[in-house]
Structure formats: structure tokens, C-alpha cells
**Q** 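One structure follows; several queries about it will come next.
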Amino acid sequence: MGLSQGEIELSILPEEERKEIPSPDNLGFGIHFTDHMFVMDYEEGRGWHSPRIMPYGDFSLDPAAVCLHYGQAIFEGLKAYRGGDGRVRLFRAMENMKRLNRSAYRMCMPSVDEDFLLNAIKELVRIEERWVPANKGTSLYIRPFMIATEAFLGVRPAKEYRLSVILSPVGAYYSEGFNPVKIYVTDKYVRAARGGVGEAKTAGNYAASLMAGEEAKAKGFTQVLWLDAQERRYVEEVGTMNIFFAFEDEVVTPSLSGSILPGITRDSVLRLGRLWGLNMVERPITIEEVLDGAETGSLKECFGTGTAAVISPVGSLHYKGRDYVINGGETGPLAKKFFDEITGLQYGEIEDSLGWVEVL
Ligand SMILES: Cc1ncc(COP(=O)(O)O)c(C=O)c1O
């Protein structure tokens with residue numbers, strides 16, 4: 001805390017040592033990394049110090065570093081978008097800073113100055129501007145993360161941390177069209193229980209989800225839909241997305257129970273839907289209600305929300321050996337409308353009357 005922007009030390013690579021920019025047609029996700037990264041360190045009693053933008057490269061960590069043993073590790077995920085006008089934009093980035101601090105609090109890690117970190121991210125993105133791809137749907141993924149670095153083998157909050165931000169140009173999620181996904185509803189595994197760390201964006205939640213994800217993929221499904229840990233009845237969220245169900249008279253998403261991630265795209269969809277006069281409802285919803293709706297046709301649409309895909313229409317849900325098709329397996333008009341509005345804002349095609357977009 002208490003750091004000022006002028007204190008960021010810059011060590012920038014000479015042009016001839018910078019990497020070649022990968023082709024925008026074949027970026028994939030999280031494969032390529034830019035030339036520079038942001039790093040700062042924390043020590044108890046001293047606070048955050050030594051903020052620097054430096055060449056992208058390895059960290060040196062003591063093998064006893066707490067993050068390697070007891071999982072004090074959190075992260076965020078947001079993007080920088082290049083519009084048709086060539087300008088680079090961030091979308092609701094302060095929300096990611098706030099969520100990082102909420103995750104830090106839950107994991108007994110130090111908070112960061114949100115304005116300072118956001119400004120550091122902007123400075124890093126400006127330095128790496130040539131890495132922001134231009135094709136619609138592509139973006140520069142921004143990954144802030146914090147790890148416990150103290151060398152200590154004991155279960156208590158660490159006294160030393162590192163915060164870093166790395167950048168990765170990523171391809172269009174929908175390179176082959178806005179296609180509905182097939183989702184596997186698991187009643188065998190759970191992601192997080194109430195009272196646990198499900199609402200924090202912490203590394204262990206993703207490790208906990210791997211087995212179910214792999215089993216679903218082996219069966220031909222894209223992602224897993226999680227049910228609540230206690231009764232395995234209430235819908236929680238999908239792999240890396242929150243979930244919405246559009247019925248005739250309401251659009252429902254599970255309430256933030258403490259075990260699901262409070263998605264920023266989820267919040268954007270709730271706010272936009274309310275502005276459009278839709279009945280957007282946050283409430284507990286059982287899997288039976290959803291499947292009944294799919295069978296009777298009262299469930300009109302289902303879609304996931306997240307930074308990666310923005311909106312991901314769900315064509316079918318598989319539960320206890322049966323497939324339940326939604327909207328004939330097609331993308332519905334509401335999913336399309338939310339997708340068009342949010343991507344329109346992100347790429348500067350729609351005027352930002354909500355103050356969600358910042359041009360760099
Ligand atoms: C578990 C989980 N749920 C939901 C989301 C969607 O959150 P957001 O809309 O902030 O990307 C994510 C992605 O960050 C996630 O990892």
C-alpha cells in the first residue's frame with residue numbers, strides 16, 4: 001500500500017530483443033506471452049514494495065515457498081480489446097481489482113491498492129500495445145496473480161508475497177460461429193461447499209475441478225455444471241462460467257451463495273437485462289426445475305457467462321444418463337442480444353452509457 005505510480009521501475013527490452021508477434025489467426029488461449037511483466041513484492045511490516053515492469057521471465061522461488069505447499073495463490077482474468085478504430089479498451093477492470101482483494105481477504109493474503117494496480121496494468125498494456133491483436137473476437141488476456149513466497153513449512157498465512165501481471169494475446173473464442181455447447185451435470189463431484197473458498201478466485205478451486213472436467217470431456221461434453229455440495233440439487237455454475245436460465249417470465253441465475261464465483265460478466269448481464277426491462281432474478285434454482293423446463297419448453301434458453309466466451313449458449317444438459325435439449329439445441333435470441341451488446345461495448349462499437357469502458 002502507499003505506492004505511487006512514479007515508483008514503478010521500468011526495465012524495457014531493446015527492440016531487437018523483443019519477440020515476434022504470433023499470427024492473429026492462430027493464437028489459441030494462454031499459449032503466447034508478451035515481452036514484459038509487472039512484478040511487486042510484499043513483506044509483513046514493510047508492505048508492497050519494488051513495483052517493476054521487467055522482461056517476461058522465470059521467477060526464482062524457494063522450494064519451501066508457501067504457495068507450493070499450502071495453496072495461498074489467487075488470480076484474476078480480464079482482457080484488453082482493440083476496436084475497429086484501432087484503440088485499446090478495458091471493460092469494467094476495476095471490478096477485477098476489487099474481486100482480487102476479496103479473494104486475497106478470504107485467503108489471508110495482503111490487499112493491494114486497487115487504483116495503483118489498475119494503473120500499473122494500464123502502463124503494462126500500453127508498453128505491450130503491439131501485442132493487442134486486431135481481429136474481432138481476439139484480445140490481450142490480462143492475468144494478475146498473487147502467490148505466497150515466504151519459505152516456511154507450517155500452516156499459517158505467509159508473511160511474504162509476490163504479485164505479478166502477465167499478458168497473453170488470445171484468439172477468438174467463437175472462431176467457428178456462436179455454437180451452443182453440451183454440458184454434463186455432475187452429481188458425483190462437487191466444486192466447492194458453502195463456507196469454503198468457492199467464491200474466491202484461488203488456484204485450488206481449479207485443481208478441484210479437473211477430474212470432473214476430464215471425465216466430462218472424455219464423454220464428449222464441453223464443460224461440467226456443478227450442483228451444490230450439500231444436497232446436489234441446486235445449480236451453482238459451469239466450469240469457468242456462471243449460468244443463466246431464461247424462462248417465459250423470468251431470467252434466473254443462482255444467487256451468490258458463497259460457493260460460486262461472483263462473475264463480472266454475470267453482473268453485466270444482470271444489469272443490462274434490468275435496463276432492458278427484463279425480470280432478472282437471482283435465486284436458488286434446482287436441477288429438477290431446469291430439466292422440467294427443458295422438457296415442457298418453459299425453459300426458453302440457457303447460457304453461460306464469463307470473460308473467456310462472454311456468452312456461451314447451452315444446447316443441451318446431460319443428467320443421470322439423459323440428454324435434455326434446450327431451444328432445439330440452437331442459440332436463442334437473448335443469448336445473442338447479450339453477446340452483441342457486451343462485445344459491442346468491449347470493441348467500441350456501441351456507445352458506453354454505463355461507464356464500463358476505458359480507452360487506454
Ligand atoms: C469458476 C468461474 N466461474 C465464473 C467465471 C466467470 O467470471 P467472469 O465473468 O468474471 O469472467 C469464471 C471466470 O473467471 C470462473 O473461473
Side-chain angles (χ1 to χ4, degrees), residues 29-30 73-81 90-104 106-107 114 118 121 139-146 165-166 168 170 173 181 183-186 189-194 196-213 216 222-229 234-245 253-273 280 282 302-314 335 338-339 341-343 345-346 356-357:
F29 184 87
I74 58 172
F75 63 96
E76 267 306 319
L78 64 158
K79 287 171 167 178
Y81 309 86
L90 296 178
F91 182 74
R92 305 193 72 189
M94 187 46 100
E95 298 304 313
N96 293 90
M97 306 300 108
K98 291 183 188 160
R99 189 170 64 187
L100 183 77
N101 268 342
R102 292 201 302 272
S103 298
R106 180 64 183 84
M107 303 308 289
E114 292 159 2
L118 184 51
I121 289 173
S139 55
L140 185 67
Y141 185 75
I142 303 169
R143 167 54 59 87
F145 62 105
M146 193 199 298
V165 182
I166 55 174
S168 170
V170 299
Y173 196 90
V181 293
I183 300 278
Y184 187 87
V185 184
T186 181
Y189 300 106
V190 293
R191 175 184 173 273
R194 264 181 223 186
V197 296
E199 67 187 339
K201 205 161 166 67
T202 185
N205 284 334
Y206 297 82
S209 76
L210 293 176
M211 177 80 85
T222 321
Q223 288 207 17
V224 170
L225 186 137
W226 302 102
L227 302 177
D228 77 285
Y234 292 94
V235 173
E236 297 239 305
E237 62 183 317
V238 183
T240 52
M241 295 189 294
N242 297 106
I243 188 122
F244 283 78
F245 303 98
T253 193
S255 356
L256 297 176
S257 57
S259 53
I260 71 178
L261 193 84
I264 293 157
T265 323
R266 172 188 182 278
D267 184 71
S268 304
V269 163
L270 285 171
R271 285 171 194 263
L272 285 172
M280 306 299 291
E282 297 169 79
C302 172
F303 54 87
T305 62
T307 298
V310 187
I311 303 290
S312 180
V314 176
F338 280 121
F339 180 81
E341 183 74 17
I342 294 173
T343 56
L345 287 164
Q346 290 169 339
W356 283 355
V357 178

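Here, residue 1 is the first one in the sequence, and each next residue gets the next number. All ligand and atom numbering here is 1-based and tracks the order in the structure.
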**Q** Could you report the tightest heavy-atom contact between Ala216 and Gln223, atom names first, then the distance?
**A**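 Minimum heavy-atom contact is CB-O, 4.5 Å.
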
**Q** Over all heavy atoms of both residues, which pair between Glu237 and Ile243 is shortest? Give the atoms and the distance, please.
**A**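 Heavy atoms only, the tightest pair is CA-CG2, 4.3 Å.
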
**Q** Is it true that a side-chain atom of Thr202 and a backbone atom of Ala73 form a donor plus acceptor pair closer than 3.5 Å?
**A**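 Checked: pair present.
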
**Q** Aromatic rings Trp356 and Phe91: how do their planes relate, parallel, tilted or perpendicular, breaks at 30° and 60°?
**A**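 Perpendicular.
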
**Q** When you pair each N or O of ligand 1 with protein N or O atoms, which pairs come out under 3.5 Å?
**A**
{"unit_1": "ligand 1", "atom_1": "3 (N)", "unit_2": "Glu237", "atom_2": "OE1", "d": "2.5"}
{"unit_1": "ligand 1", "atom_1": "9 (O)", "unit_2": "Ile264", "atom_2": "N", "d": "3.3"}
{"unit_1": "ligand 1", "atom_1": "9 (O)", "unit_2": "Thr265", "atom_2": "N", "d": "2.9"}
{"unit_1": "ligand 1", "atom_1": "9 (O)", "unit_2": "Thr265", "atom_2": "OG1", "d": "2.6"}
{"unit_1": "ligand 1", "atom_1": "10 (O)", "unit_2": "Arg99", "atom_2": "NH1", "d": "2.8"}
{"unit_1": "ligand 1", "atom_1": "10 (O)", "unit_2": "Arg99", "atom_2": "NH2", "d": "3.2"}
{"unit_1": "ligand 1", "atom_1": "10 (O)", "unit_2": "Ile264", "atom_2": "N", "d": "2.8"}
{"unit_1": "ligand 1", "atom_1": "11 (O)", "unit_2": "Thr307", "atom_2": "N", "d": "2.8"}
{"unit_1": "ligand 1", "atom_1": "11 (O)", "unit_2": "Thr307", "atom_2": "OG1", "d": "2.6"}
{"unit_1": "ligand 1", "atom_1": "14 (O)", "unit_2": "Lys201", "atom_2": "NZ", "d": "2.7"}
{"unit_1": "ligand 1", "atom_1": "16 (O)", "unit_2": "Lys201", "atom_2": "NZ", "d": "3.2"}
{"unit_1": "ligand 1", "atom_1": "16 (O)", "unit_2": "Tyr206", "atom_2": "OH", "d": "2.6"}

**Q** Leu90 and side-chain contact (heavy atoms from CB on, under 4.5 Å): which partner among Leu140, Asn96, Ile142?
**A**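 That would be Ile142; it is the only one of Leu140, Asn96, Ile142 passing the side-chain contact (heavy atoms from CB on, under 4.5 Å) with Leu90.
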
**Q** Can you list everything that forms a ring-ring contact (aromatic ring centres under 6.0 Å, His included) with Phe245? Sequence neighbours excluded, please.
**A**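 ring-ring contact (aromatic ring centres under 6.0 Å, His included) list for Phe245, sorted by chain: empty.
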
